[in-house]
Number of protein chains: 2
Amino acid sequence: MRDVARLAGVSISTVSAVVNGNVFVSPERKASVQRAMAALDYHPDAIARSLKTGKSNVIGIIVPDITNAFYPELVRGAEDAATKAGYSVLLCDSSENCKNEESHINVLFSRRVDGILIACCINSRAHESLAQRRFPLVYMDRIPSAGAGCSISTDNVQAGYVATKHLIDLDHQRIGIVAGYLGLSPHHDRLEGFRNAMQEFHLPILDEYLISGGIQVADGTNAGQALLSLQVPPTAILASNGNLLLGVVQAIAERRLKMPDHLSVLGFDDYLWHRFFHPALTAVAQPTHEMGRRAFELLKQMIESEPGQEVQEKHIRLPAELRVRNSTGPVPQREFRRVLKKTRQPVAANEK
Amino acid sequence: MRDVARLAGVSISTVSAVVNGNVFVSPERKASVQRAMAALDYHPDAIARSLKTGKSNVIGIIVPDITNAFYPELVRGAEDAATKAGYSVLLCDSSENCKNEESHINVLFSRRVDGILIACCINSRAHESLAQRRFPLVYMDRIPSAGAGCSISTDNVQAGYVATKHLIDLDHQRIGIVAGYLGLSPHHDRLEGFRNAMQEFHLPILDEYLISGGIQVADGTNAGQALLSLQVPPTAILASNGNLLLGVVQAIAERRLKMPDHLSVLGFDDYLWHRFFHPALTAVAQPTHEMGRRAFELLKQMIESEPGQEVQEKHIRLPAELRVRNSTGPVPQREFRRVLKKTRQPVAANEK
DNA sequence: CTGTTAGCGCTTTCAC
DNA sequence: GTGAAAGCGCTAACAG
C-alpha cells in the first residue's frame with residue numbers, strides 16, 4: 001500500500017480512500033492510484049483491515065457432518081448469502097462430537113469471526129460459551145432446548161403432522177414411526193407432529209410402533225426389521241430422516257416386500273435420489289437452502305445491529321412441503337396383508 | 001493481552017511466551033498468567049498474530065458445488081486434516097461459474113490465506129491468477145490441462161479401465177458410455193480408460209454408443225433414452241458420474257427394463273444410496289476422503305517449504321475401487337434381448 | 001528468563 | 001480534498 005502510494009505519488013490515506021470509496025478523491029488522482037494498484041498487483045490486506053476495524057467480515061459455520069446430505073444444502077444457502085453480503089465462511093465440522101464443537105468455537109473466537117451459524121451436535125454445550133456472551137449466534141435446524149438466542153429451522157411439528165396426515169388420509173391406522181434421536185429437536189418435534197395428527201384422528205399410538213434411538217442407516221434397518229417382525233405390523237412407516245429412510249427401505253427389500261402394495265413408507269428430508277428409487281419415495285422436503293440463507297440474514301442483522309437496539313430473540317420456523325410420490329398408497333388389501341404378516345389368517349368377511 | 005499481563009503482574013511478552021509455549025517461562029509465572037487469562041476469558045487474537053507473522057493459518061477451498069455429493073466428502077477429508085494441523089478452512093462455492101471462482105480467489109487472496117485447494121469449474125482460469133504467482137495451490141479432482149502446479153485426483157484412466165474390464169469380463173461387447181463433459185479431466189480420463197480396455201480386447205467403440213456433453217441427471221436420462229432407442233442397443237452402460245448414473249437408471253425404469261437382466265449398468269462415484277437401489281448399483285468408488293486429506297497435506301508441504309527447496313510439481317493419482325453389486329451381470333440371453341430391442345427376431349439356433 | 005520496543009498494513013481522526 | 005500520525009493486538013529481536 002505504501003508502494004502504491006509512492007508509485008501514484010499520493011499519500012497512503014489517499015490510497016485507502018480510493019480502495020474504500022467512502023471519501024471523495026479527485027478523478028485524476030483516483031485513476032493514477034488505480035493504475036498503480038494494477039501495476040503492483042495490489043490486493044488490500046483484509047487481515048490488517050480487520051485488526052484495525054475490529055470486524056473480520058467472516059462468519060463461522062459449524063455442522064455436525066458435512067457429508068450428511070442435509071448440510072451441504074444448508075451451508076450453500078448460507079454461503080451464497082454471505083458471499084453476496086461480502087462475508088466469507090469458515091467451515092467447521094464437529095463430527096457430531098461436543099469436544100470438537102467446543103474447540104471449533106474457540107478457534108472461531110480466536111479468529112474473530114463476526115458471528116456463528118451452528119447446527120449443533122448431540123449434547124452440545126455451545127450455548128454455554130456463546131449465547132451467554134451475547135455473541136451473534138444463530139442455531140440452525142437443531143435447536144438446543146437450553147439455548148437462548150436466535151434460531152431457524154423447519155417447522156418440524158407441522159412437518160410431522162403433514163406426513164402423518166397424508167398417511168391417515170390414505171386410511172392408514174397402524175402407522176409406525178422410526179423417530180430418530182429424540183434429544184435432537186427436529187426428531188423430537190416431528191414425533192410431536194405425528195402425535196398431534198394421530199390424536200386428532202383418534203388413532204392409538206402403540207409403543208411397539210414407535211422406535212427411537214439412532215439416526216443412521218443401520219438404525220433404520222434395525223427399526224424396520226423390528227416393525228416388520230411384529231405380530232401385527234404397521235401398514236405404513238414414517239422415517240425421521242433420510243438415513244433412517246434408507247434403512248427402512250432396506251429392511252423392506254430384505255423381506256421382498258413392495259411399496260406401496262405391502263406397506264407405505266415416507267421420510268423426512270427429500271434428496272435428489274429419492275425420486276429415482278422404485279417406487280419413487282414420498283418425502284417431506286425442507287426448504288434447506290432458504291433456511292441457510294435466512295440464517296445468514298438473521299445473523300447479519302445481529303452482527304450489524306447497533307448496541308442499543310439489538311435484535312430480540314427470534315425463532316423462525318419454515319414450512320415443510322410434502323412431496324407425494326409412489327412409496328405411499330392406500331392401506332394394503334387383505335391378501336397383501338397376509339403376505340406382510342407371513343401368518344395365515346382366517347378370511348374376514350367384511351374387511352374394510 | 002495487556003490486561004492479562006497487568007493482572008498477572010508480568011510483561012506482555014511473558015504472556016505471549018506462555019500463549020505460544022516456545023520460550024521457557026518459570027512455572028509460577030506461567031500459572032499466574034494462565035489464571036489471569038482464564039479470569040479475563042482471554043482468547044488470543046489470531047488476526048493480530050497473522051498480521052504480525054504474515055501467516056494466517058487459513059486455507060481456502062473452492063468447489064464447484066458443495067451440494068454435489070462428491071465434494072462434501074472431499075472437503076471433509078481436507079478439513080479434518082487441516083483442523084488437525086491447526087489450519088482453518090474458508091469454503092467457497094463457485095456454482096460452476098468462472099466469474100465466481102475468480103472473485104473467490106481474489107477474496108481468498110485478500111484474506112491472506114496461506115494456500116488454496118481447488119476443484120475448478122468448467123473453463124476455469126484459476127491457473128492464470130494463481131499458479132503463475134507460485135502461490136501454494138493444489139488442484140483436486142479436476143485438473144486443468146493448462147495449469148501447472150500440484151494436483152491430486154483419482155487415477156481416472158485406471159478407473160475407466162477397471163469399470164470397462166468388469167463389463168468385458170462379463171462378456172459384454174456392446175458397451176455404451178455416458179461420458180459426461182470431456183472438457184473436465186475426470187470425464188476425459190475415464191473415457192480414455194474405457195477406450196484402452198475396449199482396444200485391448202479388440203472391441204469396437206461405436207460412435208452411437210458414446211454420448212458426451214452434460215453432467216447432470218437430465219443429461220443421463222437423455223443419454224440413456226438415446227442409447228436404449230438404438231436399433232441395436234448396448235447390453236451395458238457406463239455412466240461417468242453419480243448424477244448421470246441416476247439419469248440412466250431413470251431412463252431404464254421408464255422403459256420398464258430390469259438390471260441386470262435386460263442390461264447392465266454401472267457408474268463412477270459410489271454414494272451411500274447406491275447400495276439401496278434395486279438392484280444395488282455397481283460402482284467405481286473414489287477414495288474421496290483420502291483425496292481431501294492428501295490434498296491438504298500436499299498443500300501444507302508447499303506452504304511450509306523453505307524458499308530454497310520448494311516442492312516440485314507433483315501429481316498424485318489415487319487408485320479407484322470397483323464395487324460389484326447387482327446392477328451388472330452377464331450379457332442378457334436371447335429372450336431378454338428381444339424385450340430390450342422391442343423388435344421381433346428370428347430365433348437363432350446357437351446363440352451363446 | 002523477562003521486559004522494552006518496533007512495527008505488521010490498514011483506518012481514521014485531525015490539521016492543513 | 002489530502003497528508004501526517006496514532007494505534008488495532010500481537011510477535012520477535014534485543015537488551016538487561
Side-chain angles (χ1 to χ4, degrees), chain A residues 1-37 39-58 86 88 106-114 304, chain B residues 1-37 39-58 86 88 106-114 303-304 306:
Chain A
M1 187 163 184
R2 207 182 43 236
D3 300 337
V4 173
R6 197 179 307 152
L7 182 60
V10 300
S11 79
I12 285 183
S13 41
T14 305
V15 177
S16 174
V18 358
V19 168
N20 292 298
N22 42 12
V23 183
F24 189 88
V25 181
S26 69
E28 54 270 30
R29 282 170 168 257
K30 187 185 236 168
S32 85
V33 167
Q34 284 167 335
R35 236 178 298 119
M37 294 199 309
L40 269 46
D41 190 27
Y42 167 80
H43 288 250
D45 186 327
I47 291 195
R49 174 185 285 156
S50 299
L51 181 60
K52 183 65 192 173
T53 61
K55 189 161 185 313
S56 62
N57 273 276
V58 174
S88 293
N106 285 327
V107 170
L108 292 178
F109 245 85
S110 270
R111 297 211 183 276
R112 296 294 186 263
V113 295
D114 294 333
E304 294 173 358
Chain B
M1 187 163 184
R2 208 182 42 235
D3 301 336
V4 173
R6 196 179 307 152
L7 182 60
V10 299
S11 80
I12 283 184
S13 46
T14 305
V15 177
S16 173
V18 356
V19 167
N20 292 299
N22 42 12
V23 182
F24 190 89
V25 180
S26 69
E28 54 270 30
R29 278 167 172 261
K30 187 186 238 170
S32 87
V33 168
Q34 284 168 335
R35 233 178 301 119
M37 294 198 310
L40 269 46
D41 190 28
Y42 168 81
H43 288 249
D45 187 327
I47 291 195
R49 174 184 289 158
S50 299
L51 181 60
K52 181 64 191 175
T53 61
K55 189 161 184 313
S56 61
N57 272 278
V58 174
S88 293
N106 285 329
V107 170
L108 292 178
F109 245 85
S110 270
R111 296 210 183 279
R112 296 295 185 262
V113 296
D114 294 333
I303 290 170
E304 294 173 358
E306 300 302 318

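We name chains A, B, ... by the order of the sequence lines, and we start the count at 1 in each one.
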Can a side chain N or O of B:Arg29 be found less than 4.0 Å away from OP1 or OP2 on C:dG3? yes

Kindly point out which of D:dT11, C:dT11, D:dC10 is positioned nearest to the side chain of B:Ser16? D:dT11

Begin from the C-alpha positions of A:Arg29 and A:Val18 and carry the test side chain to side chain contact (heavy atoms under 4.5 Å, CB included) through to its verdict. CA-CA 9 Å; A:Arg29 282 170 168 257; A:Val18 358; over 6 Å; no

Measure from CE on B:Met37 to C1' on D:dG9 and round the result to the nearest Å. 15 Å

Among C:dC8, D:dC8, C:dT2, the nucleotide that comes nearest once only the side chain of A:Leu51 is considered: D:dC8

Ignoring backbone atoms, test whether A:Thr14 places a side-chain nitrogen or oxygen under 4.0 Å from the OP1 or OP2 oxygen of D:dG3. yes

When you measure from the side chain of B:Ser110 to the backbone N and O of A:Ala46, does any donor-acceptor pair fall under 3.5 Å? no

Which atoms form the tightest heavy-atom contact between B:Lys30 and B:Val25, and what is the distance? N-CG1, 4.0 Å

Could you grab the distance from atom OG of A:Ser50 to atom CZ of A:Arg112, nearest 0.5 Å is fine? 11.0 Å

If you compare every side-chain N and O of B:Ser11 against the phosphate oxygens of C:dT2 (OP1, OP2), does one of them come in below 4.0 Å? no

Just how far is it from atom CZ of A:Arg49 to atom CZ of B:Arg111, taken to the nearest 0.5 Å? 9.0 Å

Nucleotide nearest A:Ser13 when distance is taken to its side chain, options D:dG3, C:dC10, D:dT11: D:dG3

Please report, rounded to the nearest Å, how far the P atom of D:dG1 is from the CD atom of A:Glu28. 12 Å

Atom NZ of B:Lys55 to atom P of D:dC10: distance rounded to whole Å? 18 Å

Starting at atom CZ of B:Arg49, determine the distance to atom C1' of C:dG9, rounded to an integer number of angstrom. 18 Å

Assuming nearest nucleotide by heavy-atom distance, tell me which of B:Thr53 and B:Gly9 is located more 5' along DNA chain C. B:Gly9

Let me know the distance between CG of A:Asp3 and P of C:dC8, rounded to the nearest Å. 11 Å

Of the listed nucleotides C:dG7, C:dT4, C:dG9, the one nearest the side chain of A:Asp45: C:dG9

Quickly work out the B:Ile12 CD1 to D:dC8 P distance and round it to whole Å. 10 Å

What's the closest nucleotide to the side chain of A:Ser26 if the choices are D:dC10, D:dT2, C:dC10? D:dT2

For the side chain of A:Val25, starting at C-beta, report the closest nucleotide among D:dT11, D:dT2, D:dG3. D:dT2

So what does B:Ile47 hit on the nucleic acid, given a heavy-atom distance under 4.0 Å: a base, only sugar-phosphate, or nothing? nothing

Check whether the side chain of A:Lys52 and the base of D:dG7 form a donor-acceptor pair under 3.5 Å. yes

Between P of C:dT2 and CG of B:Asn22, the distance in whole Å: 13 Å

In whole Å, I'd like the distance from the CZ atom of B:Arg6 to the P atom of D:dG9. 12 Å

Between D:dG3, D:dT11, C:dC1, which nucleotide has the shortest distance from any of its atoms to the side chain of B:Phe24? C:dC1

If you round to the nearest 0.5 Å, how far is CG of B:Leu51 from CG of A:Leu51? 5.5 Å

